[in-house]
Amino acid sequence: GPHGLRKQAGEADHLGLNDSVEAVCFPAGCATGSSFDPDLLEHMGQVLGDECQAEDVSILLGPAVNIKRSPLCGRNFEYISEDPYLAGKLSAAYIRGVQSRGVGTSIKHFAANNQETRRLTISSDLSERALHEIYLPAFEEAVKAAQPKTVMCSYNKINGVYASENKMLLTDILRDQWGFEGYVVSDWGAANDRVKGLEAGLDLEMPSSNGYNDAKIVAAVQNGSLDEAVLDRAVERILKVVFSYVDARRPDTVFDRAKDHAEAVAVETQCAVLLTNQGVLPLGTDQKIAYIGEFAAAPRYQGGGSSHIHPSRVTSAWEVAQQKGRNVCYAKGFSAMRDEMTDAELAEAIQAAQNADVAVENTRADLAVIPHPGDVIVIVVVHHLIADAQHATHRLYLRLVGGGRVEQFLQLLVDTYRAKLAAATGTQHLQPVPAGQVIRFRQTRLAQFQNRVRCCAVVCAAHEKEVAVFVVH
């Protein structure tokens with residue numbers, strides 16, 4: 001989970017580091033959050049629940065509802081939203097869908113785990129108001145409305161106390177105030193002090209410590225520092241969830257990967273958000289189109305790490321264009337895997353753009369402040385089109401792929417493009433464009449480029465952000 005089944009077969013590491021069985025990759029949380037559609041999330045959860053039954057997986061590790069406080073958070077692609085209300089409503093629907101199939105969920109990461117720097121040890125210091133108005137509401141809504149079978153506690157400390165041994169979080173708030181009925185599981189390796197964790201409300205440690213922490217629990221019970229009733233309570237909570245899955249077991253369930261791939265496509269279709277369109281989309285079937293950038297052939301469709309799905313099938317934009325007989329050519333332009341671009345790749349991309357009615361750049365909105373060559377190639381191509389084809393009409397659209405921030409990338413793109421255009425035309429006194437204007441575009445022309453560049457359209461689906469950025473005349 002959260003956006004697909006990740007099951008490691010046999011004696012695998014079970015740490016999320018090695019390959020898993022082939023499954024279907026559904027849109028990640030950053031895409032489904034853009035749907036604003038609880039029914040869609042519930043249906044997606046039902047399909048995932050059936051897949052779990054077919055593969056005998058009792059708990060799906062999702063949904064992930066941490067707030068996107070920092071654009072540098074490495075798990076943003078799987079988090080639903082920066083809006084606590086939306087994240088709560090959609091996660092509750094997801095949970096209802098999965099658990100309607102007799103499979104449990106594990107809402108994560110509880111709580112305030114919102115950055116990448118020192119994510120395993122940082123203390124998230126915040127006021128009670130911020131905690132209850134921003135960082136807890138998504139969890140609260142999901143627990144009260146859908147009762148996930150488990151809650152996964154996070155690595156970090158909250159106001160100096162590790163989440164895995166934070167009684168205020170795991171007992172006072174989660175159980176006493178919200179009425180949570182399942183068990184609390186640690187994120188992988190998040191248990192700090194196992195005995196303190198049990199007392200605070202952490203029931204299950206993952207992964208196993210191979211008896212090391214179990215021995216500490218036994219010793220604490222024997223010397224009287226841990227009430228045996230606390231241990232019994234944790235065991236009872238875990239067994240209730242285990243038995244609920246056993247009672248709902250449907251071993252005859254079939255995992256039809258082709259059918260579920262079509263379901264994933266249908267879900268992704270509902271996640272695209274068209275912000276504005278001034279006649280740019282859809283592209284005409286009679287137009288000659290150039291796909292530039294290796295992401296057109298090798299798409300970036302999910303994040304990495306322990307939630308990485310091993311898909312049975314991946315369909316690229318270039319593959320679909322060929323299947324449908326579109327008049328589309330492809331130029332690699334830059335590597336999807338390496339932050340470099342050769343002169344030959346650049347020349348091929350420029351030639352493809354010059355020979356086409358429309359050039360579609362497939363690049364990424366990366367988290368780095370400095371863009372990699374794939375981010376810059378669009379600017380280089382535009383520069384050559386202006387310098388070498390002043391009187392021809394060329395349209396260049398930018399398709400960004402990523403689950404992180406877009407606004408800073410677009411501002412950087414326009415700033416760099418402005419410099420390139422100034423060099424090409426001799427214009428030296430171009431005014432800066434506010435970042436908000438860049439991300440929204442609306443119907444405004446950039447006055448500095450009125451006769452050359454028109455901001456035309458934005459399509460933003462958080463899973464695969466598509467931004468038609470410039471029309472070049």
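All values below come from the heavy atoms of this structure, side chains included, with hydrogens, waters and symmetry mates left out.
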Taking it one step at a time, do I59 and V241 satisfy side-chain contact (heavy atoms from CB on, under 4.5 Å)? CA-CA 9 Å; I59 302 290; V241 174; 4.0 Å; yes
Is there a donor-acceptor contact under 3.5 Å from the side chain of [X] to the main chain of [Y]?
{"X": "Q302", "Y": "I309", "answer": "yes"}
{"X": "K332", "Y": "E345", "answer": "no"}
{"X": "E78", "Y": "R75", "answer": "no"}
{"X": "S164", "Y": "A190", "answer": "yes"}
{"X": "Q270", "Y": "S35", "answer": "no"}
{"X": "D203", "Y": "V184", "answer": "yes"}
{"X": "D256", "Y": "H261", "answer": "no"}
{"X": "E205", "Y": "S186", "answer": "no"}
{"X": "K7", "Y": "V57", "answer": "no"}
{"X": "E116", "Y": "S70", "answer": "no"}

Side-chain touch [X]/[Y], heavy atoms, less than 4.5 angstrom:
{"X": "S124", "Y": "Y135", "answer": "no"}
{"X": "V328", "Y": "V360", "answer": "no"}
{"X": "F26", "Y": "T32", "answer": "no"}
{"X": "F110", "Y": "M152", "answer": "no"}
{"X": "L169", "Y": "L136", "answer": "yes"}
{"X": "F77", "Y": "R300", "answer": "no"}
{"X": "H3", "Y": "C25", "answer": "yes"}
{"X": "C52", "Y": "V98", "answer": "no"}

Residues forming a side-chain contact (heavy atoms from CB on, under 4.5 Å) with P137, sequence neighbours excluded: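 With sequence neighbours excluded, P137 shows a side-chain contact (heavy atoms from CB on, under 4.5 Å) to P84, given in chain and number order.
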About how many Å separate [atom2] of [Y] and [atom1] of [X], when rounded to the nearest 0.5 Å?
{"X": "E141", "Y": "W178", "atom1": "CD", "atom2": "CH2", "value": "10.5 Å"}
{"X": "N114", "Y": "R119", "atom1": "CG", "atom2": "CZ", "value": "10.5 Å"}
{"X": "K288", "Y": "C329", "atom1": "NZ", "atom2": "SG", "value": "6.0 Å"}
{"X": "K89", "Y": "F36", "atom1": "NZ", "atom2": "CZ", "value": "14.0 Å"}
{"X": "N66", "Y": "Q115", "atom1": "CG", "atom2": "CD", "value": "11.5 Å"}
{"X": "C73", "Y": "I67", "atom1": "SG", "atom2": "CD1", "value": "11.0 Å"}

Any idea which heavy atoms bring [X] and [Y] closest together, and the distance?
{"X": "S316", "Y": "A297", "result": "CB-O, 3.4 Å"}
{"X": "S91", "Y": "A142", "result": "OG-CB, 3.6 Å"}
{"X": "V267", "Y": "M44", "result": "CG1-SD, 4.1 Å"}
{"X": "I158", "Y": "A111", "result": "CD1-O, 3.6 Å"}
{"X": "A264", "Y": "V24", "result": "CB-CG1, 4.0 Å"}
{"X": "I95", "Y": "A146", "result": "CG2-CB, 3.7 Å"}

Looking only at the side chains, is there a donor atom on one of Y79 and H109 sitting less than 3.5 Å from an acceptor on the other?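 Yes, a side-chain donor-acceptor pair sits under 3.5 Å.
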Has K144 got more than 12 heavy atoms of other residues, nucleotides or ligands less than 6.0 Å from its NZ?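 Check passes, neighbour count above 12.
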Using a 6.0 Å cut-off, check whether atom CG of D247 has over 12 heavy atoms from anything other than its own residue.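 More than 12 heavy atoms, drawn from other residues, nucleotides or ligands, come within 6.0 Å of this atom.
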Whether H308 and Y301 hold their rings parallel, tilted or perpendicular, with breakpoints at 30° and 60°: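 Tilted, since the angle between the ring planes falls between 30° and 60°.
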Could you check S244 against K149 for side-chain contact (heavy atoms from CB on, under 4.5 Å), going step by step and ending with a plain yes or no? CA-CA 9 Å; S244 70; K149 294 293 185 181; 3.8 Å; yes
Of R101, E51, R96, the one forming a side-chain contact (heavy atoms from CB on, under 4.5 Å) with Q46 is R101
R257 to F255 six-membered ring, cation-pi geometry met (6.0 Å, 45°): yes
Tell me, with the steps shown, if Q53 and Y245 meet side-chain contact (heavy atoms from CB on, under 4.5 Å). CA-CA 9 Å; Q53 281 284 359; Y245 172 70; 4.1 Å; yes
Could you walk me through whether R249 and D56 pass side-chain contact (heavy atoms from CB on, under 4.5 Å), step by step? CA-CA 8 Å; R249 186 76 180 94; D56 195 15; 3.1 Å; yes
